[in-house]
Structure formats: structure tokens, C-alpha cells
Amino acid sequence: MTHASTHDSSGTLVHPADSPDSPWWRDAVIYQIYPRSWADANGDGIGDLPGITARLPYLRDLGVDAVWLSPFYVSPMNDAGYDVADYRDIDPVFGTLEDADTLIAAAHDLGLKILIDLVPNHTSSEHEWFKAALAAAPGSRERNRYIFRDGSGPHGDLPPNNWRSVFGGQGWSRVNDPDGTPGQWYLHIFDTTQPDVNWENEEVRAEYDAILRFWLDRGVDGFRVDVAHGLVKDQTFPDTTGSMHTAENEPGHRMPMWDQDGVHDIYRRWRRILDEYTVPGDPDSERILCAEAWVQPEERLARYVRPDEMHQAFNFEFLDTGWGAAGYRHVIEESYRSNDAVGAPTTWVLSNHDVIRHATRLAILSEGYRPNGIGADDPQPDAELGLRRARAATTMMLALPGGAYVYQGEELGLPEHTTMPDEWRQDPIFHRTKGTDEFALGRDGCRVPMPWTKEGPSAGFGPSERSWLPQPAAYAGLAVDQQQGVPGSTLTLYRDLLDYRRKHRFGHGSLAWSPLTDATTLAFLNTSGDGTRTVLVVTNFGPDPVPLPGGDVIIASSPLTDDGAVPTDTTVWLRLPSAS
Ligand code: NOJ
């Protein structure tokens, strides 16, 4: 075995250890279920709540702490449920309120917490409020729950300003007045069927307070908050030149619909509500809020997790980092600096239902480049390279102190569906941008139903052949039953990582850079929350194997070289002898 002599295990401290008795959410690993695509109990080709409940033991065995469910509410499904028509009921395609109660209880029995998705930036156009707004006159109480404005131009037939929709096209649509004549315009930052709610209106605020309580009373442990950076708009509604995809159009200049200071009052108010549900002296009873906020730089994001606001915010800058030591080093350092300044944990994430799966994304070479969908006519990413890097990235991520999110199927190493025929595509992004210079294929490729068994209809997704999106050929071979208990499989890797991480409280550990870090090697030391052991974590991004110091290899994302060095695109956890 080649050894890089002895290792200086003091390192350069980047992040101090968390208190060992800190609450569950500070180091939780939370598994995201996209309900349409996880498990279909009734064979209609769309996943459902009974399907999820039946398969919860799989998640207990995987070793996660909690589950986040993407929306399951009543919805016309124009944006796969992120267009909510009734926040207090379940869409029949997913089941009933009783099914939700059963799911929550079953999860709790297994020791899993349940987070649900709250979508407060917009409702569906099928929501009773929006229907009432359309039937009411300009200036009415009903219209004031949304953002209606008169048009510009001499006849009011131009939109009130030049804001675009994140999904492509104009951000405003014109309605007809009850007598059939063209009337006012309403804002929709997303699809036309997702009208933005007016958060300046106290009636709106009170309604969402009540929705939070409705679900807290049913026992949910928290909420992932959709578009958390978008609720409050600059009330002067200025024209803007920036891209809708970044919160700042140039350093220090925020877009008028993103990351406005006023959003923080909303989260302070919600935090007070959630805190009412904490049982004094029992940190395990704490309910949480997690911000989906595409906000840069990290300091701005950290404002969402100040002590009296949310508990977590997805670290999308980490997700967006291209494959390379320098980028990861920078984002890790910045994340701890910003979050430690406000006393919040960092919440790591590599995949979700909006981005190219990391087993595919990390094979695309250019730094930080993330296309919105890949199709059969595009150059096809190298699946083997992507999987190798994804395993290395996850092995690195799960050693980082803080919390982490895992997106369904990444534990199987599932790639993106990169050859989906267009006729299957359902994402409004695909339909809204078609034929324009904003054209994007959309997010369907990461939303394909899970393969549970190699044989059987829909690879075990459900009892029938039906599957709302087609599964690519590679999925059957990656099914759960092909990987369970198989040494070296990605599922076994995730289980081992989660098991070790939990046993030694690595989520509460401290982080220091190891002197092995250089231009192509990322190396850090995690000293566990209980202070009993230090693990050296080494990721090799370069072409040449990196020799290891003496110690016991705990886990490696790919086999080491014959002489025990870390090959390219591999992460290793090594227990240092000095710390035993
Ligand atoms: C973010 C969600 O994750 C995404 O799927 C959705 O389309 C938009 N917000 C709009 O709700």
C-alpha cells in the first residue's frame, strides 16, 4: 500500500462541531418522494399515497431520518401538483385525506418524520379564490388576493410590465371581464394556470397560517416551502432586464420578484406558529421549514435560516457546482461561513425533481453547466462516468456536517431519461417554450417512475404496465431487487454511508481541510459530533491516483487501486489511527 506518510489530523478548521444534543433536523438526511413516480398501488400508472405507505419500510432500511413529499393536494396537474386547487385535501389520483393520515402514522411508527410541500407563491387557477377573482370586479376584495393590474399602452392591451414567466413567455395574462370584454392582467411567475398570490394582503397571510395549522394538527413534522424567495414583489413593479433564473441581475441588484426583504416577515410569522407545536424540553418534537430559494450569494440565502426564521434552506450553489476540487472547496467554505454566522446547519443537496439527475449531470463536463432537459437529439452523456462521479459526489456530501436531501432513485444511481420521446413530455416548460428561442425540453427526464423489480410490469412501479412517463431501458437493471444486499451496488453504498454517518453523528461533526487538499484533490476531516473519531474524506478529481495515509478504509465510492491509492473520480472515507 502506498502511504502519503503520516497525516496531520489538525487541519484548518472550517466549521466547528454542533452540540451533540442538538435537534433532529440539524443533521437529518431527508428523502424526497415525488408521489407521482414512487409507487403505484392501484395500477393507474401514477404513484399514490397507499403505494408510498406500503413501501416506507424500504426507507427505514435505507437509513434516512425523514421524508419530504412533493405536492399531493387537489390539482389540475398542469405543473404536476405545484398548482394547488385545494390545500386542505388530497387529489383523488393520489388518494384521500385518510390515506394521508395513514401514511403519516405509518411513517412515525417506523421512526420517520414527514415533511410536506407548501406552495404559497401561487395557487392553481382552479382554486376557489381565483375563480371568485375572475367573477369579481377590478379593485374587489376577491381580486386583491392575487396581483391584478390594468394593462399598459393606450388601450391597456399590453402587459403591465415586461416580467417574463420562469417557464417561458410573458409573466402576465389578460382576463375577460364577466361581460366578455378584455379586462385586467394578472401576474403568473410560472404557468398561466399558476396565478401569483398577493402577499401584501393580510387575508392571504391569515389563510396560509390556517393551512399550516391544518397540516401541523394532522401531525406533519414540517414543510418544504416552494419558491420561498418569490412571495413578496417590489410593489413598484419596475421593468427588469435580468434573467428570471437568477435572484440578482448583477451583483447587489436583486430582481424585483425575487429575494425581497419583506419575505422574511412571513417566515418569522410562520416560525412562531411552528414553535407553538414544540413540546417543551423535547427537541425531537420540533417542526421545521425548509426554503426552496434560488438565491445567491450564500450570505443572502443564510438570511432565510436566521434563528427566528426557517430551519433549513437547500444549498443549490452546491448542486450547481461543476465537477472539480476548486469549485467544491469554495462552495463548502462559503456555505459554512454564511450559515455558521447565523447559527444554522448547511443543507446539502445534489438532485431533485427540477434538475438533471446528478448521475447524468456530473458527466457533462463544462463547469456548472446545467441544461434544462436532455433529448434524443442531444449529445448523450457518458452513463458510466456519470455514475462513477455521482457515487463519489454523494460519498463526499454525506460526510459533510449538516443536513442532506436525497432524491428518490439516486440511491439506485438512476440516470436521467435522456431519450424520452417528445410526445410523452408533460412539463409546462416544454410546452411554453416550444418553437421559441427560450426553448427547453423541461424536467420530465428526472421524474420517471422508480424501478423496484427487474421483472414485472413497469419494473415493479405498479401492478400494471402503465407508467405516466416511460422508463428508459436501463432502469430495470438498476431496480431495487437487483441492488438490495449486493456488495458494491449503489444502494448498498448509500445504506453503508447513511449507517456510518448516523452511528457516529457525522452530521454534527466539525470540518477541517486536510493538507492533502490541492488543485485536484478535495480532502477534509470530519471529527464526529461525539468527538470520538476523525475520518479523513478524500475525493480525487484528477487523473493520477492519490496515495492515502495509514488508516482503515471505511468506505470507497469505487475500488481503490491495487496499491491502495484513490483513483480518479472516487471518494474514500478513512479512519485515522490517531483518532481511535
Ligand atoms: C419549484 C418546484 O420545485 C417546481 O417543480 C415548480 O414547477 C415551481 N417551484 C413552481 O411551483
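Atoms within each ligand, like the ligands themselves, are counted from 1 in listed order.
- The distance from ligand 1 to the heavy atoms of V227 drops below 4.0 Å at these ligand atoms: 9 (N).
- Numbered from 1 in the order shown, with element, the atoms of ligand 1 that lie under 4.0 Å from a heavy atom of R443 read 4 (C), 5 (O), 6 (C), 7 (O).
- Within the cation-pi definition used here (under 6.0 Å to the ring centroid, within 45° of the axis), R36 qualifies as a partner of W468.
- In the vicinity of E292, heavy-atom distances shorter than 4.0 Å reach the ligand 1 atoms 1 (C), 3 (O).
- With 3.5 Å as the limit, one finds no donor-acceptor pair spanning the side chains of T346 and Y336.
- Within the structure, ligand 1 has R447 among the residues with a heavy atom less than 4.0 angstrom away.
- No hydrogens or angles considered: nothing links the side chains of D196 and Y186 as a donor-acceptor pair under 3.5 Å.
- A parallel orientation is assigned to the rings of F130 and F148, their planes being inclined by less than 30° (bins at 30° and 60°).
- Residue contacts with ligand 1 for R224 involve side-chain atoms from C-beta outward but no N, CA, C or O (heavy atoms, distance under 4.0 Å).
- Given atom 5 (O) of ligand 1, the protein heavy atom at minimum distance is D354 OD1, 2.7 Å.
- Of the listed options N121, D79, D117, D226, D79 places a heavy atom closest to atom 7 (O) of ligand 1.
- Of all the atoms in ligand 1, the ones that sit under 4.0 Å from a non-hydrogen atom of H122 are 10 (C), 11 (O).
- Partners of E128 according to the salt bridge (Lys or Arg N to Asp or Glu O under 4.0 Å) rule, which considers only residues two or more places apart in sequence or in another chain, are K131.
- By the 4.5 Å heavy-atom criterion applied to side chains, T418 and D378 are not counted as neighbours.
- Residue-level proximity to ligand 1 for W294 is absent, since no heavy atom of it falls below 4.0 angstrom.
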Which pairs of donor and acceptor atoms, one on a side chain in residues 245-256, lie under 3.5 Å apart (sequence neighbours left out)?
| residue | atom | partner | partner atom | Å |
| --- | --- | --- | --- | --- |
| T246 | OG1 | E248 | O | 3.3 |
| E248 | OE2 | G252 | N | 3.4 |
| R254 | NE | D259 | O | 3.1 |

